[in-house]
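Working notes, structure below.
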There are 2 protein chains.
Amino acid sequence: MDRQEAHDRILDAAEQLFYGRGIQAVGMAEIRQASGVSLKRLYQCFASKEDLVDAYLRRRDQRWHQALAEHIDRHRSPERRLLAVFDFLAAWFDTSDFRGCAFINAFGELGAVSTPVAGLARAHKCALRAQLRALAVEADAEDAEALADQLLLLVEGAIVAAAMRQTHHCPAEQGKAAARGLLNAHLSTTTPDLSAPPGE
Amino acid sequence: MDRQEAHDRILDAAEQLFYGRGIQAVGMAEIRQASGVSLKRLYQCFASKEDLVDAYLRRRDQRWHQALAEHIDRHRSPERRLLAVFDFLAAWFDTSDFRGCAFINAFGELGAVSTPVAGLARAHKCALRAQLRALAVEADAEDAEALADQLLLLVEGAIVAAAMRQTHHCPAEQGKAAARGLLNAHLSTTTPDLSAPPGE
DNA sequence: TCAGGTCGAGAATGATCGTTCTCCGGATGG
DNA sequence: CCATCCGGAGAACGATCATTCTCGACCTGA
C-alpha cells in the first residue's frame, strides 16, 4: 500500500467516523483501525488530528459543492435549476448515513474552540450562498442578494430539520415549496405565477 | 450557601460554559471554579456530567420558549404575532454571547452518541414547531401545517446563519421578509396583500 | 468540652486520548 | 551474506478528564 492509498483510506475512514459520530467522539486509534493503516503511517500522512480534521472538512466541502453543481447542471431553465437545489437535498437526506451538515455540526462542536474549523465552516456556507446568488441572478430575481439570503435560510433550515426529524416528512419538499413561493414573489412584477409546481 | 443556591450557581456556570464553548470542551473542574461550588457539592447536586448536561438543556429549553412566548404576546394581530418570532430572533442574535442554537450545537456534538441529548434537541424543535403551528392557525393560513413547516425552516436557517455570520447583515430580517412572503402566499385567496411591511 | 456531622479544598484514581517510541521482520542493495 | 532502511504492531508517555477519597476546619447540640 503506497502513500497515496494510505492517505485516501485514512481520509475515507475519518470522514465516515467524524461525520457519523462527531469529531471529538472518535479517536485516532479508531481511525487507524477503520482505515487499516498503521499509526505511524497515519501520522506521516497527517501530522496531527487537527490536520486530519482540516483535510476531512476541505475534501467534504469540495465534494459537496461539486455534487450540488452537478445536480443543478442537469437542468436548463433557471427556475428548474434553482429548485433543483432542493431535489439535491432530498436525495442527500435519504442517504442512510445522513446526519446533518458536517460543517454545522463541526461548528457547533468546535467553532468556539478552533479557529480553523470555524473558518472552514464559514467558508462552506459562504460558497453555498454564492451558488444560490448565482442561481438567483440567472433567474432574473429583482433583488438577487435578498433572494439568495432567503434561499440560504431555507436550505440550512431544511438540513437542520432533516438531521433531527423523527417523522418521515421531508424538509426538502417543504423547502422547495417555500422556495417556489419566494422565487415567485421576487419575480412577481415581471413574470407569470409559478406557484403551481410545473410537471417534472 | 444552601443547596438551592449551589444548584442554581452550578447551572448558571454550566450554561454559560457549555453554550459558549461546547459541552465536551468544558470540564467539571472549570464549572466548579466558575460556580464557586466545591466539587463534592457539585456531585451532590448533579450525579454526573450527563445529568448536568440534561439539566442545562432542559432549563434552557424552558426559558427560551417562555421568552419567545412573551415576545409574541406583546402583539395582538395574528400577523404581527407571527412576525414577532423574527423580532425575537433579531434581539437574540444581537446578544453578545450568542453562539447559535444550544440544541443544534448539542445535537451536532453529541446527538449520535447520547440518546438523551438527541431526544432533548428533538423535543425542543418539536415544541418550536408547535408554537409556529399555533401562530399559523391563528393567522388563518390555508394550510397551517405546511406554513408551520416552512416557517420552521426559516427560523432554524436564520439561527444557523446568524451563528456563523461574519457580516453584520441580520438573518432575522431576511427571515422576516421571507416569512411575510410565505404568509402572504398562504393567505392569498382570502386576504389582501401583506407584502409591504406594516409600520411598527 | 466533646462527639457527630458537614463542608471545602484538592489529592488520588482510573480511564481515555493524542502522540511518540521501541522492537522486530522483511525488503533492498552491494 | 550482511548492512541498512522502512514499515507495522502496539507499548509507552504525558496530559486531561470524570469521579471519588482524604483530611482538616468548622459548626451544632448537649
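Proteins come first, then strands; the chains are lettered A, B, ... in the order of their sequence lines, and each starts at number 1.
As a whole-Å value, the separation of A:L42 CG from C:dC21 P is 16 Å. Here C:dT6 presents its C1' atom at 14 Å from CG of B:D2, a figure rounded to the nearest Å. Rounded to an integer number of Å, the gap from B:R3 CZ to C:dC7 C1' is 12 Å. One atom, CD of A:E30, and another, P of C:dT16, lie 12 Å apart when rounded to the nearest Å. Following rounding to the nearest Å, A:Q33 (CD) and C:dC17 (P) show an atom-to-atom distance of 13 Å. What separates CZ of B:R32 from C1' of C:dG8 is a distance of 9 Å, to the nearest Å. We find that CG of A:L52 is positioned 10 Å from P of C:dG18, with the value rounded to whole Å.
Note: B:F88 and B:H71 have perpendicular aromatic rings, judged against thresholds of 30 and 60 degrees for the angle between ring planes. Taking the six-membered ring where tryptophan is involved, the planes of A:W92 and A:W64 are perpendicular, since the angle between them exceeds 60° and thus also 30°.
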N/O to N/O distances under 3.5 Å, protein versus nucleotides 16-24 of chain D:
from	atom 1	to	atom 2	distance (Å)
D:dA18	OP1	B:K49	NZ	2.6
D:dA18	OP2	B:M28	N	2.7
D:dT19	OP2	B:Y43	OH	2.9
D:dT19	OP2	B:K49	N	2.9

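Sorted by first and then second residue, the salt bridge (Lys or Arg N to Asp or Glu O under 4.0 Å) pairs with a member in residues 31-57 of chain A read A:D54-A:R58; sequence neighbours excluded.
Between the side chain of B:R81 and the backbone N or O of B:L135, no donor-acceptor pair lies under 3.5 Å.
A salt bridge between A:R74 and A:E70 is absent, with no side-chain N of the basic residue lying under 4.0 Å from a carboxylate O of the acidic one. Salt bridge annotation for B:R21-B:E30: present, with a cationic side-chain nitrogen under 4.0 angstrom from a carboxylate oxygen.
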